[in-house]
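Reviewing the structure listed below.
Within every chain, numbering begins at 1; the chains are lettered A, B, ... in the order of the sequence lines, protein sequences first and strands thereafter. Basis for what follows: all heavy atoms, side chains included, without hydrogens, waters or symmetry-related copies. These figures come from a predicted structure and were not determined experimentally.
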2 protein chains.
Amino acid sequence: MGNFFLKNKLIILYGASLAAILILLKWLEFKYVIIDHSFEVYIGAIALIFTGLGIWLALKLVKPKTETIIIEREVYLSKPAEGFIPDEKALLKFGISKREWEVLALMSEGLSNQEIASHLFLSLNTIKTHSSNLFEKLEVKRRTQAVEKGKRLGLLA
Amino acid sequence: MGNFFLKNKLIILYGASLAAILILLKWLEFKYVIIDHSFEVYIGAIALIFTGLGIWLALKLVKPKTETIIIEREVYLSKPAEGFIPDEKALLKFGISKREWEVLALMSEGLSNQEIASHLFLSLNTIKTHSSNLFEKLEVKRRTQAVEKGKRLGLLA
DNA sequence: TCGGGTCTCATACTTTCGGGTGATTTTTAT
DNA sequence: ATAAAAATCACCCGAAAGTATGAGACCCGA
């Protein structure tokens with residue numbers, strides 16, 4: 001499976017590097033190093049090289065540990081904005097999915113379910129499902145209420 | 001300055017370790033290793049040891065994972081206006097009567113025709129008539145469109 | 001007083017919405 | 001890999017919305 005290589009590519013890469021460097025050293029061994037330098041210097045060079053390799057490897061492996069999330073938001077809505085960005089926090093709070101939000105947005109334009117279906121190249125039934133789930137999540141009963149609440153919560157422009 | 005030693009203690013520790021291991025290897029060199037194993041295995045062992053050392057060093061030196069800071073502040077106030085004044089000109093332009101505007105306003109709150117009827121102490125049929133006339137005047141087909149257009153025209157808050 | 005506009009209500013009919021359920025596929029995350 | 005979530009679609013049914021038409025009551029200006 002290609003999956004294996006993807007997940008272990010660093011390990012494999014390391015193995016390959018190790019082998020390559022060893023081969024290189026073996027080749028150099030009889031040409032220059034042993035002749036020109038002492039054995040200790042040779043060992044020291046290898047130690048430094050592989051220490052560097054170890055550091056590089058560690059940095060690669062440890063990278064995904066960092067995670068910074070800074071959300072600071074104070075919204076006094078009621079006003080438009082050109083490039084409108086829905087309130088992510090509200091979306092998460094109500095568990096509204098991307099598709100559901102799209103449906104809500106089109107609802108607020110005054111489109112019927114059939115029209116929304118056509119716009120999104122989906123079936124009418126799918127739109128019904130999405131809107132139903134949406135109403136459930138927004139705790140409303142009708143599309144007009146959903147639009148009204150959506151605007152109040154900053155989900156819509 | 002003791003500060004220097006504090007800040008570089010890891011580096012110094014590494015140097016000391018390096019020296020110590022080299023000395024150890026030098027000592028072992030003539031005792032067992034060279035005798036019992038091939039040169040390549042010896043080099044490989046050193047490579048592995050110092051790779052491990054490099055990894056350990058990197059893990060120690062690299063700054064601890066970034067703190068996760070989550071500041072959330074939710075203030076979704078939307079108090080548009082108490083005494084909202086609809087655009088008179090627009091009302092005249094579209095020939096919208098008082099009752100029709102009232103119905104439109106309640107529509108925008110998400111109320112059903114039946115609920116609007118109850119609020120205004122009218123029959124459901126009357127609301128239907130008003131809303132039908134309203135849609136005609138606003139040139140829309142659905143209540144959601146009426147609300148959308150109403151807001152755009154300044155008929156609603 | 002007469003016509004026009006608004007407001008009211010009704011009946012009959014069609015269309016759209018929304019709820020409920022279940023199934024399949026795709027995506028995502030673990 | 002596999003479990004969970006999201007997305008897709010279908011069918012049924014009842015409720016709500018919307019259309020069409022007609023009609024009586026009221027007010028106001030011509």
Side-chain angles (χ1 to χ4, degrees), chain A residues 1-9 64-65 67 69 86 88 90-150 155, chain B residues 86 88 91-150 155:
Chain A
M1 301 160 178
N3 201 16
F4 175 79
F5 290 103
L6 282 177
K7 289 209 166 188
N8 300 83
K9 68 178 180 181
K65 287 266 186 167
E67 185 181 355
I69 300 176
E88 297 291 345
L91 286 177
L92 288 177
K93 179 175 178 179
F94 289 90
I96 294 171
S97 74
K98 185 179 170 184
R99 265 311 200 207
E100 286 161 359
W101 180 80
E102 289 180 298
V103 170
L104 176 61
L106 291 176
M107 266 183 190
S108 75
E109 307 282 330
L111 302 192
S112 69
N113 284 342
Q114 182 55 64
E115 288 168 336
I116 294 172
S118 300
H119 269 71
L120 297 180
F121 303 102
L122 296 177
S123 83
L124 173 60
N125 287 314
T126 302
I127 302 304
K128 285 186 177 184
T129 301
H130 283 321
S131 58
S132 277
N133 294 333
L134 185 62
F135 298 156
E136 180 96 14
K137 291 174 180 177
L138 282 178
E139 298 170 324
V140 298
K141 296 196 172 302
R142 284 176 285 282
R143 58 183 31 235
T144 42
Q145 287 182 341
V147 170
E148 194 274 333
K149 190 156 189 176
L155 303 179
Chain B
E88 296 292 345
L91 286 178
L92 289 176
K93 177 177 178 183
F94 289 90
I96 294 172
S97 73
K98 184 181 171 184
R99 268 307 202 209
E100 285 160 358
W101 178 80
E102 289 181 298
V103 171
L104 176 59
L106 292 176
M107 267 183 189
S108 75
E109 307 281 332
L111 301 193
S112 68
N113 283 343
Q114 182 54 67
E115 288 168 338
I116 295 172
S118 299
H119 269 72
L120 298 179
F121 303 102
L122 298 177
S123 83
L124 173 60
N125 287 315
T126 302
I127 302 304
K128 284 186 176 183
T129 301
H130 284 322
S131 59
S132 276
N133 294 334
L134 184 63
F135 298 156
E136 181 98 14
K137 292 174 180 176
L138 282 178
E139 299 171 324
V140 298
K141 295 199 170 302
R142 284 176 285 282
R143 66 194 11 244
T144 43
Q145 287 181 340
V147 170
E148 195 273 334
K149 191 158 190 175
L155 302 179

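The interatomic distance linking A:E102 (CD) with D:dT8 (C1') rounds to 14 Å, in whole Å. Rounded to an integer number of Å, the gap from A:R99 CZ to C:dT28 P is 13 Å. The separation between B:M107 atom CE and D:dA16 atom C1' is 12 Å, rounded to whole Å.
Residues B:K149 and B:E139 share a closest heavy-atom pair of NZ-OE1, 3.9 Å. Residues A:S108 and A:A105 approach most closely at OG-O, 2.6 Å, considering heavy atoms.
Within residues 123-147 of chain A, the residues having any heavy atom under 4.0 Å from DNA chain C are, by residue number, A:K128, A:S132, A:F135, A:K141, A:R142, A:R143. Residues from residues 108-121 of chain B lying near DNA chain C, meaning a heavy-atom separation below 4.0 Å, are absent.
Residues meeting the side-chain hydrogen bond (donor to acceptor under 3.5 Å, both in side chains) test with A:T126, sequence neighbours left out: A:S123. The side chain to side chain contact (heavy atoms under 4.5 Å, CB included) check on A:F135 picks up A:M107, A:S131, A:V140, A:R143, A:A146, with sequence neighbours excluded. A search for side chain to side chain contact (heavy atoms under 4.5 Å, CB included) contacts involving B:E115 returns A:R142, B:L111, B:S112, not counting sequence neighbours.
Identified under the salt bridge (charged side-chain N to carboxylate O under 4.0 Å, His left out) test for residues 121-137 of chain B, with sequence neighbours left out: B:E100-B:K137.
Residue B:S97 places no side-chain N or O under 4.0 Å from the OP1 or OP2 atom of C:dG5.
Using modelled atom types, no side-chain atom of A:W101 and backbone atom of A:I96 make a donor-acceptor pair closer than 3.5 Å.
With A:H130 as reference, A:V103 is the one residue of A:L104, A:L120, A:I116, A:V103 to meet the side-chain contact (heavy atoms from CB on, under 4.5 Å) rule.
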